[in-house]
Protein chains: 2
Amino acid sequence: MLGYCGRMGSKNSTATKRADALRSIDAIVQAAAECLGKNPEASLSEIARAAGVGRVTLYAHFNSRAEVVDAAMSRAIDRGNEVLDTVDLTGDPRLALARYIEAGWHLVDQARALLAAAQRELPAGRIRELHAGPAARVETLVARGRAEGAFRTDLPIAWMVNVLHTVMHSATEEIRAGRLTPDHAADHITATVLAAFTPPGTPVPETGGGA
Amino acid sequence: MLGYCGRMGSKNSTATKRADALRSIDAIVQAAAECLGKNPEASLSEIARAAGVGRVTLYAHFNSRAEVVDAAMSRAIDRGNEVLDTVDLTGDPRLALARYIEAGWHLVDQARALLAAAQRELPAGRIRELHAGPAARVETLVARGRAEGAFRTDLPIAWMVNVLHTVMHSATEEIRAGRLTPDHAADHITATVLAAFTPPGTPVPETGGGA
DNA sequence: TATAACGTGAACACCGCTGTTCGACTTAGC
DNA sequence: GCTAAGTCGAACAGCGGTGTTCACGTTATA
């Protein structure tokens, strides 16, 4: 947590800030995460307005748009990690994957839009750095599932992780397009990914609605 | 074909144009499809330059950016249809799907980026109109596969079509990111989607490299 | 070859976003 | 209650994109 403040040369030095300043910063980062989560090219004016703060105040705390994006990205990742930390990823890899999807599918689309913003403002190294944590969690799960024979091994781990995230993301797009209702999303994603991960020659598991 | 010219109030009226004008228009539409296929926010200056044409010339043939996007989109769809028309979609739905993927996976990413551009410049109705043709082809195939018992029926057709296109698109992103080589793309997509489409309780087909 | 259509660069006005400065006002904290 | 820190709107310069006009050069075509 707090990973979004005082990263680089941002004006948030270690010097003690006043309470209202901290409140402003928090409101800005939160608004940035929301706005950029919806629209990667949201302007700083929009973000300031959404934060209930003047545009000048925003520039008083962040030197550039890149810093705002970085802060929003860090915040979203921290929030996501908090949620995902509560998920039990032990036991049958198939059930663990289902739990992961259930908990995380709605996080992915905001993260994706944020990522799109980040990819235009932040250096590639910084993005990898931010992405490393969340990625490792899933990679470990997939690797374990492969080792235990629950998941296929004829496709690279990176590809499988990509499929998982891609399908999760596409679900939110389907919802936006009105072709899918939120209450079916997790089931559809789980049924799809579990089948996609099944080793060739093995029957696809039945995923009867209940997680 | 020729679906991209003279759609609405574009300056391409039915009046006979000179040969060099037609050549310019064609170069512009082609360049637009390429540029917008790479970057949905490519400027008209970029497109004109890529077409080897002055910016003013572009405005002589198209009233607005939207018209250029529409023309590029129409062209890309026409081109895609031409390619897909050569693919045999009869016989075993699984093999037909594999052929479809083999022929079309590399078309999807350009179409996607183009779609992103279109979604910001064109009305939703126009987009649906353009998308209807290509979508129908796949929907028919998936529906047939379900009817014949080759594909699962516990998920909506729209969702399955979405999964197919999403996975195809993600492959091109993986290639861009350097995590996948183009010669493996079709195999990975096919293996993934075929498994995802397999009815629960049925073994996942083996897709030993050669399609 | 005449002429209308076409291509062109330069220049224009307009817009929105970025990042900055200034002066005045409000508030937190000692 | 004093002071430094914070907030704010207005206004600035710079940039890049859009869409338009103009005057001049080029080319197709009858």
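Every chain is numbered from 1, with letters handed out A, B, ... down the list of sequences.
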Starting at [atom1] of [X] and ending at [atom2] of [N], how long is that distance when rounded to a whole Å?
{"X": "A:Arg49", "N": "C:dG16", "atom1": "CZ", "atom2": "C1'", "answer": "12 Å"}
{"X": "A:Glu121", "N": "C:dC17", "atom1": "CD", "atom2": "P", "answer": "14 Å"}
{"X": "B:Leu44", "N": "D:dT20", "atom1": "CG", "atom2": "P", "answer": "11 Å"}
{"X": "B:Leu22", "N": "C:dG7", "atom1": "CG", "atom2": "C1'", "answer": "14 Å"}
{"X": "A:Asn63", "N": "C:dT21", "atom1": "CG", "atom2": "C1'", "answer": "15 Å"}
{"X": "B:Ile25", "N": "D:dA28", "atom1": "CD1", "atom2": "C1'", "answer": "15 Å"}
{"X": "A:Asp20", "N": "D:dA4", "atom1": "CG", "atom2": "P", "answer": "16 Å"}
{"X": "B:Arg23", "N": "D:dA28", "atom1": "CZ", "atom2": "P", "answer": "6 Å"}

Please determine if a side-chain N or O atom of [X] lies less than 4.0 Å away from the OP1 or OP2 oxygen of [N].
{"X": "A:Tyr59", "N": "C:dT20", "result": "no"}
{"X": "B:Ser24", "N": "C:dG7", "result": "yes"}
{"X": "A:Arg18", "N": "D:dG6", "result": "no"}
{"X": "A:His61", "N": "D:dG6", "result": "no"}

Over all strands shown, is B:Thr57 touching base, sugar-phosphate only, or nothing at heavy-atom distances under 4.0 angstrom?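 Counting heavy atoms under 4.0 Å across all strands, the contact made by B:Thr57 includes a base.
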When we call it a touch if two heavy atoms are under 4.0 Å apart, what does A:Arg65 touch: a base, just sugar-phosphate, or nothing?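 Here A:Arg65 touches the backbone only, sparing every base.
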Step-by-step side-chain contact (heavy atoms from CB on, under 4.5 Å) determination, A:Arg137 to A:Leu89: CA-CA 9 Å; A:Arg137 183 184 269 108; A:Leu89 294 185; 3.6 Å; yes
Can you see whether B:Thr190 engages B:Trp105 through a side-chain donor-acceptor pair at a distance of less than 3.5 angstrom?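 No donor-acceptor contact under 3.5 Å links the two side chains.
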Is it the case that the side chains of B:His184 and B:Thr181 hold a donor-acceptor pair, with the cut-off being a distance below 3.5 Å and no angle test?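 Result is yes, a qualifying pair exists.
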Taking the side chain of [X] as its heavy atoms from C-beta onward, which of [options] lies nearest to it?
{"X": "B:Arg55", "options": "D:dG19, D:dG6, C:dG19", "result": "D:dG19"}
{"X": "A:Lys17", "options": "D:dG6, C:dC6, C:dT21", "result": "D:dG6"}
{"X": "B:Ser43", "options": "D:dG9, D:dT18, D:dA28", "result": "D:dT18"}
{"X": "A:Ala19", "options": "D:dC8, C:dC6, C:dG29", "result": "C:dG29"}

Judged by each residue's nearest nucleotide on DNA chain D, which is more toward the 5′ side, A:Val53 or B:Ser64?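 Looking at DNA chain D, the more 5' nearest nucleotide goes with A:Val53.
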Please lay out, stage by stage, how A:Glu102 and A:Arg99 fare under the test salt bridge (charged side-chain N to carboxylate O under 4.0 Å, His left out). CA-CA 5 Å; A:Glu102 177 75 33; A:Arg99 286 192 293 269; over 6 Å; no
If you count heavy atoms of other groups shown closer than 6.0 angstrom to NE2 of A:His131, is the number above 12?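 No, NE2 of A:His131 has 12 or fewer neighbouring heavy atoms, counting only those of other groups under 6.0 Å.
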